[in-house]
Amino acid sequence: MSDCLLILPHKFNVPFGYLSPSSLFPNVRRGLGLRPFPAFEPVLITTFSDEMTFLQRTINTVLHGLMDISQDWLHFPWTDEFLTRHNGGR
């Protein structure tokens with residue numbers, strides 16, 4: 001589920017459950033308060049398995065960190081601004 005769709009239950013005043021394919025997209029779990037484990041959870045854009053070498057684990061950890069940074073600086077601020085703008089400033 002996209003964070004941008006969270007405005008719909010609020011607008012229609014209906015209850016909702018937040019479901020996410022978090023096992024497929026480890027970076028999505030941050031929105032749910034869960035952290036990925038880069039030591040054995042490979043980033044999807046790599047060909048790594050859960051049995052990684054030290055170098056692969058290092059690369060995987062850096063990629064997880066880059067995904068976190070991109071979310072903090074790009075995705076989350078944009079989503080917050082979008083939801084605020086389309087929700088009457090709340």
Side-chain angles (χ1 to χ4, degrees):
M1 176 176 189
S2 171
D3 293 336
C4 292
L5 295 177
L6 291 175
I7 198 167
L8 297 176
H10 180 75
K11 287 282 189 189
F12 295 113
N13 197 25
V14 296
F16 73 98
Y18 195 178
L19 301 176
S20 171
S22 61
S23 62
L24 295 176
F25 304 105
N27 59 323
V28 173
R29 291 187 290 185
R30 279 189 72 202
L32 301 174
L34 305 171
R35 301 294 295 168
F37 297 99
F40 60 87
E41 292 181 19
V43 175
L44 290 177
I45 61 170
T46 66
T47 58
F48 304 155
S49 74
D50 60 336
E51 297 178 5
M52 294 179 263
T53 65
F54 178 75
L55 179 60
Q56 289 173 328
R57 289 177 199 274
T58 303
I59 292 169
N60 198 55
T61 300
V62 168
L63 290 174
H64 271 284
L66 290 173
M67 288 179 5
D68 286 350
I69 289 170
S70 70
Q71 282 189 313
D72 288 343
W73 290 358
L74 300 172
H75 177 74
F76 290 148
W78 181 88
T79 302
D80 288 344
E81 190 274 329
F82 177 87
L83 291 173
T84 301
R85 182 171 12 111
H86 292 284
N87 194 27
R90 294 184 275 158

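The basis for the numbers below is simple: all heavy atoms, side chains too, and nothing from hydrogens, waters or symmetry mates. Treat the numbers as computed from the prediction; the structure is a model and nothing was measured.
- The shortest heavy-atom contact between His64 and Glu41 is NE2-O, 3.0 Å.
- Contact between Asn60 and Pro38 at its shortest, heavy atoms only, is ND2-O, 2.7 Å.
- Contact detail for Gln56 and Met52: the closest heavy-atom pair is OE1-CA, 3.3 Å.
- Going from atom CZ of Phe48 over to atom CG of Leu55 covers 7.0 Å, rounded to the nearest 0.5 Å.
- The side chain to side chain donor-acceptor pair (under 3.5 Å) check on Glu81 picks up Arg85, with sequence neighbours excluded.
- Scored by the side chain to side chain contact (heavy atoms under 4.5 Å, CB included) test, Phe54 finds Thr58 as partners (sequence neighbours excluded).
- Ile45 contributes atom CD1, which lies 5.0 Å from atom CG of Leu63 (distance to the nearest 0.5 angstrom).
- By the side chain to side chain contact (heavy atoms under 4.5 Å, CB included) test, Thr47 is found to be paired with no residue, residues two or more places apart in sequence or in another chain being considered.
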